[in-house]
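Single-structure report; data block below.
Residue numbers start from 1 in every chain, and the chains themselves are labelled A, B, ... in the order their sequence lines are given, proteins ahead of strands.
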Amino acid sequence: MSDLTKKVHFKIYRYNPDVDQAPYMKDYHIDVPADRDIMLLNALFLIKNEDDGFGYRRSCAEGVCGSDGMNINGRNGLACITPLSSLKEPIVVRPLPGFPVIRDLVVDMDQFYKQYEKIKPYLQNSNPAPAQERLQSPKARLKLDGLYECILCACCSSSCPSFWWNPEKFIGPAGLLQAYRFLADSRDDHTEERLAELQDPFSVFRCRGIMNCVDVCPKGLNPTRAIGKIRSLLLQEAL
Amino acid sequence: MSLPTYEFDAVIIGAGGAGMRAALALAQSGYKTALVSKVFPTRSHTVSAQGGITCAVGNTHEDDWRWHMYDTVKGSDYIGDQASIEYMCKTGPECVYELEHMGLPFSRLDNGKIYQRPFGGQSKNFGGEQAARTCAAADRTGHALLHTLYQQNLQAKTHVFSEWYAIDLVKASDDSGFAGVMVMSIETGELAFMSARAIIFATGGAGRIFQSTTNAHINTGDGVGMIARAGLVLQDMEMWQFHPTGIAGAGCLVTEGCRGEGGYLINKDGERFMERYAPHAKDLASRDVVARAMALEMRAGNGFAPNGIDHVKLKLDHLGADIIKSRLPGIRELSMTFAGVDPIYEPIPVVPTCHYMMGGIPTNVHGQVITKDTNNQDKIVDGLYAAGECACVSVHGANRLGGNSLLDLVVFGRASGLHVQEQLNSYLPRKNASEADLEAAMSRHQRWMTDKNGEHVSDIRAEMQKIMQSDFGVFRTGEFMEEGVEKLKTLVERMKHATIDDHSKVFNTSLVEAMEAENLLVTAMATAVSALHRTESRGAHSREDFPKRDDENWLVHSTYQQENHVMGTREVNRAPKFIEPFEPKERVY
Ligand SMILES: Cc1cc2nc3c(=O)[nH]c(=O)nc-3n(C[C@H](O)[C@H](O)[C@H](O)COP(=O)(O)OP(=O)(O)OC[C@H]3O[C@@H](n4cnc5c(N)ncnc54)[C@H](O)[C@@H]3O)c2cc1C
Ligand code: SF4
Ligand code: SF4
Ligand code: FES
């Protein structure tokens with residue numbers, strides 16, 4: 001590895017309620033390696049080495065834990081799998097929109113988790129469990145692909161206008177994706193109860209099909225399609 | 001002092017696989033339980049586990065827990081505790097079925113049963129043909145497992161303290177053990193004393209002591225640090241697994257399941273070199289064996305980039321797009337993101353990378369923490385438990401087999417939860433802490449929050465990682481390790497005067513990182529001293545100056561105590577309950 005570096009310009013949202021009156025954008029000109037690409041998370045790390053009052057969440061550094069959702073040049077994504085080379089300067093980084101800011105890039109995700117909890121995100125089966133596994137055909141199992149992989153990063157819900165406006169009533173794309181994950185599981189027999197709880201005009205029906213969620217999901221998941229499937233299940237029920 | 005006190009019957013520190021399984025075991029008990037985690041539970045490192053969870057459910061061929069046990073004992077290079085290994089292999093199927101009933105979305109075989117794939121070091125019939133024993137949810141088993149356990153804890157209404165950091169154990173004022181743990185809300189900076197009759201450590205690994213690791217940033221050995229500072233014993237700290245296939249330069253793991261599905265390693269001449277090193281098991285030899293073979297290939301100049309980030313390659317393209325897309329989708333994603341390579345068309349550049357801590361906090365089969373009394377005899381610490389990667393119940397000995405960690409988490413997470421419940425029923429009094437005890441447990445925090453203008457902690461952390469990488473890696477020698485230990489000792493001194501600039505309260509990540517760095521350094525020191533002490537090669541610990549296994553002197557656990565860096569030994573358990581113990585043999589694959 002050589003020591004070749006180049007300067008990159010960042011504008012980062014800063015707010016520490018302990019010391020700051022109001023949020024502000026702070027400029028950083030940081031030396032990053034010139035001979036290879038790094039991820040935005042590595043760059044944030046370099047910034048923190050210079051300015052230790054700067055805060056953000058991170059854990060896995062490989063796009064599977066969902067800690068570092070943030071708004072990067074206007075678009076939600078995970079810092080750890082966003083290559084610096086893909087970003088135009090100045091690189092503008094803000095906390096996920098629509099959530100209260102705790103500090104710098106750290107947001108309060110309580111509302112997001114509450115919506116997730118509301119859909120009862122656990123398998124429900126009223127029959128006693130067999131001595132071995134419950135059987136499930138590969139075909140039935142295939143229905144869970146594209147659903148169970150969600151990492152609860154909130155990139156989707158935080159880019160959804162309906163979620164901004166009704167964070168208490170609209171479940172939001174992430175929660176609804178999981179609602180469908182359990183509806184789609186051949187081992188879960190609480191379909192009716194689950195649907196009954198989603199029938200009100202807000203939980204599901206606030207989705208306007210704007211597809212921002214699909215656009216930003218770093219795992220390539222498609223909440224809009226799942227929401228569509230829940231809607232048709234609800235309509236079938238109604239008939 | 002206006003320190004808030006929270007009273008619980010049991011406190012579990014850590015919400016990875018081990019901690020959340022323990023919490024579930026306690027959920028129905030009626031005992032007041034807290035689950036404390038420095039990150040939101042599903043951000044714990046278990047989420048990264050890929051390949052699967054190993055156990056003899058026998059879905060693709062006839063299988064037997066005794067065969068699994070044989071492989072695990074052999075894999076451990078004979079210093080795994082056989083009573084624990086037996087318990088894990090025998091209870092394993094039950095624990096995996098439980099996970100399935102909880103909703104874990106396992107991949108399936110055509111007959112609807114859980115899909116199982118071959119992993120390294122697995123055999124049928126005590127060393128016969130390759131077995132396929134690892135239950136998998138594609139290559140996202142850890143994610144599926146962790147989310148499932150979190151969901152179950154939601155249903156069970158477990159009391160979760162998310163983004164709370166455990167600082168240190170609080171001693172009981174009568175010296176009879178521990179009264180609880182000092183914790184901090186990361187969001188507000190508020191300190192609190194959690195008084196508990198039982199405490200379970202489930203704090204995970206510490207791979208961040210090395211420069212290059214598959215481990216998350218949060219794997220900082222906090223449990224190891226707390227136990228060491230409390231004057232208790234650590235065990236087998238020299239035993240670190242280097243996983244053969246970390247992506248060169250990035251460190252992210254590509255699962256052994258890739259080789260289980262038929263992938264293999266090649267050198268720069270395109271040769272499948274494992275055929276030379278392990279003629280029988282080839283690429284599915286035990287991890288220590290494969291990692292060493294790779295290091296030797298690169299040393300012989302057979303790597304792809306001898307002047308840069310040297311590496312060999314993992315070839316998958318012959319498997320075909322369908323297998324890769326259905327069984328290894330996460331690997332494809334990672335290698336495209338971090339190596340710029342689509343494995344459907346091109347091999348992935350890989351190097352052995354620090355992966356797993358086999359040593360840790362010694363426990364018995366119930367998860368009860370063991371230390372030594374003043375006469376050097378084993379002593380159970382009442383009310384203290386450990387499970388998962390931070391623990392050394394010693395099912396992995398000197399080398400862990402793939403898929404055995406996730407199993408370890410659920411088997412011993414459950415076992416410790418159940419045992420805590422039993423003990424709470426019969427005794428385990430609540431203990432008191434004096435002002436002085438509480439202050440002692442806060443002292444680290446207080447120092448970081450007041451000291452100013454010292455050396456920055458990140459420099460010390462970086463130096464430590466460099467030392468560990470160069471002197472305590474895949475191959476070790478006495479001379480370099482001695483130097484390494486001395487260098488680490490100076491870092492320990494420097495750490496005492498290091499400071500952070502940020503003294504504010506709300507979500508102070510610098511403060512958390514500083515306290516984590518202290519724990520990393522404790523872990524690194526324990527590793528270094530233990531590695532220098534064990535004068536033989538066994539499992540993952542391979543010394544160039546002592547290249548042979550030495551059963552006469554070293555068929556034992558090593559123990560380490562922080563004060564004065566005292567080393568000792570503990571006997572290996574070779575008394576399984578239901579079968580004859582396996583005797584040490586030469587390990588060939
Ligand atoms: C990339 C990768 C892939 C792997 N794949 C496999 C596999 O396929 N099969 C397998 O068997 N094993 C695998 N492993 C190993 C396995 O995943 C880990 O050993 C295991 O997940 C550790 O689980 P744990 O519950 O002990 O700890 P973790 O999951 O690491 O959880 C630790 C918990 O402790 C908490 N914590 C730590 N310190 C504190 C503190 N001071 N205060 C409060 N909370 C704290 C954390 O917040 C976290 O909740 C893999 C490992 C890696 C790195
Ligand atoms: S499609 Fe629905 S859920 Fe997705 S962003 Fe639009 S309104 Fe939100
Ligand atoms: S659906 Fe995608 S964007 Fe939304 S929380 Fe899950 S992983 Fe994140
Ligand atoms: S740090 Fe885990 S998703 Fe980015």
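Environment of NZ in A/Lys120: sparse, with no more than 12 heavy atoms of neighbouring residues, nucleotides or ligands closer than 6.0 Å. Within a 6.0 Å sphere centred on CZ of A/Arg14, other residues, nucleotides and ligands contribute more than 12 heavy atoms. By the 6.0 Å contact criterion, NZ on A/Lys118 is enclosed, its count of non-hydrogen atoms from other residues, nucleotides or ligands being greater than 12. Heavy atoms from other residues, nucleotides or ligands lying under 6.0 Å from CG of B/Asp322 number 12 at most. Counting non-hydrogen atoms of neighbouring residues, nucleotides and ligands closer than 6.0 angstrom, the CZ atom of B/Arg108 exceeds 12 such neighbours. Heavy-atom contacts from other residues, nucleotides or ligands closer than 6.0 Å to CG of B/Asp110 number 12 or fewer. Annotation: B/Asn111, atom CG; neighbour count of heavy atoms from other residues, nucleotides and ligands within 6.0 Å is above 12.
For A/Tyr56, the part lying near chain B is the backbone, with the side chain staying farther off; criterion is any non-hydrogen pair under 4.5 Å. Only the side chain of A/Arg141 comes within contact range of chain B, judged by heavy atoms closer than 4.5 Å. Of the atoms belonging to B/His456, it is side-chain heavy atoms, and not backbone ones, that fall under 4.5 Å from chain A. Looking at B/His101, both its backbone and its side chain come within 4.5 Å of chain A, counting heavy atoms on both sides. Contact of A/Phe54 with chain B is made through the backbone alone, with heavy-atom distances under 4.5 Å. Residue contact with chain A, scored on non-hydrogen atoms closer than 4.5 Å, is absent for B/Leu99. There is no contact between B/Leu146 and chain A, counting heavy-atom distances below 4.5 Å. Contact annotation for A/Phe45: only side-chain heavy atoms (C-beta onward) come within less than 4.5 Å of a heavy atom of chain B. Within the 4.5 angstrom heavy-atom criterion, atoms from both the backbone and the side chain of A/Val64 approach chain B. Only the side chain of B/Phe40 comes within contact range of chain A, with heavy atoms under 4.5 Å apart. Looking at A/Pro138, the atoms closer than 4.5 Å to chain B (heavy atoms on both sides) sit in the backbone and in the side chain alike. Contacts between B/Glu98 and chain A at a heavy-atom distance below 4.5 Å are absent for every atom of the residue. Using a 4.5 Å cut-off between heavy atoms, B/Asp459 makes no contact with chain A at all. For A/Ala140, no part lies under 4.5 angstrom from a heavy atom of chain B. Heavy-atom distances place the side chain of B/Glu163, and not its backbone, under 4.5 Å from chain A. Heavy atoms of A/Pro83 lying under 4.5 Å from chain B are absent altogether.
To the nearest 0.5 Å, atoms CD1 (A/Ile102) and CD (B/Glu187) are separated by 4.0 Å. Atoms CG and CD1, from B/Leu334 and A/Ile81 in turn, are 9.0 Å apart once rounded to the nearest 0.5 Å. In this structure, A/Arg134 CZ and B/Lys113 NZ are separated by 15.0 Å, a value rounded to the nearest 0.5 Å. Atoms CG and OH, from A/Leu152 and B/Tyr150 in turn, are 8.5 Å apart once rounded to the nearest 0.5 Å. From A/Cys65, atom SG reaches atom NE2 of B/His143 across 10.5 Å, with rounding to the nearest 0.5 Å. Atom NZ of B/Lys38 is separated from atom OG of A/Ser59 by 8.5 Å, given to the nearest 0.5 angstrom.
The closest side-chain heavy-atom distance from A/Asp185 to B/Pro105 is not below 4.5 Å. Looking at heavy atoms from C-beta onward, A/Tyr148 lies in side-chain contact with B/Arg140 at the 4.5 angstrom threshold. The side-chain heavy atoms of A/Pro121 and B/Leu154, taken from C-beta on, include a pair separated by under 4.5 Å. Between B/Arg43 and A/Ile151, the closest side-chain pair of non-hydrogen atoms is not below 4.5 Å. Side-chain contact check for B/His217 versus A/Arg57: every heavy-atom pair is 4.5 Å or farther apart. You'll find the side chain of B/Glu100 stays beyond 4.5 Å of the side chain of A/Gln136, heavy atoms only. Side-chain contact between A/Phe182 and B/Gln151 is present, with at least one heavy-atom pair separated by less than 4.5 Å.
For A/Asp18 (side chain) and B/Lys505 (main-chain N/O), a donor-acceptor pair under 3.5 Å exists by modelled atom type.
For the set A/Gly63, A/Cys150, A/Pro17, the count of heavy-atom pairs under 4.5 angstrom toward chain B peaks at A/Cys150. Interface check for chain A: of the options B/Ile218, B/Val506, B/Thr148, B/Leu253, the most heavy-atom pairs under 4.5 Å are formed by B/Val506. Residue with the most contacts toward chain B among A/Cys60, A/Ser137, A/Gly66, A/Ala61: A/Gly66 (heavy-atom pairs, distance under 4.5 Å).
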Report task. Show your working on side-chain contact (heavy atoms from CB on, under 4.5 Å) between A/Met39 and B/Thr337 and close with a plain yes or no. Result -> CA-CA 10 Å; A/Met39 297 296 168; B/Thr337 310; 3.7 Å; yes
Query raised in the report: Between A/Lys48 and B/Ser458, does a side chain to side chain donor-acceptor pair (under 3.5 Å) hold up when you go through it step by step?
Result: CA-CA 10 Å; A/Lys48 189 165 173 62; B/Ser458 59; over 6 Å; no
Report task. Take B/Ser48 and A/Glu62 through the side-chain contact (heavy atoms from CB on, under 4.5 Å) test and state the conclusion after the steps. Result -> CA-CA 8 Å; B/Ser48 301; A/Glu62 57 181 39; 3.7 Å; yes
Report task. Begin from the C-alpha positions of A/Arg103 and B/Ser504 and carry the test side chain to side chain donor-acceptor pair (under 3.5 Å) through to its verdict. Result -> CA-CA 11 Å; A/Arg103 171 178 183 166; B/Ser504 64; 3.1 Å; yes
Requested in this report: Would you sort out whether B/His147 and A/Gln178 count as a side-chain contact (heavy atoms from CB on, under 4.5 Å), showing the intermediate values?
Outcome: CA-CA 11 Å; B/His147 280 255; A/Gln178 290 318 297; over 6 Å; no
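Heavy-atom proximity under 4.5 angstrom to chain B picks out A/Arg187 from residues 187-195 of chain A.
When each of B/Asp502, B/Val457, B/Leu511 is tested with A/Asp52 by the rule side chain to side chain contact (heavy atoms under 4.5 Å, CB included), just one qualifies, namely B/Asp502.
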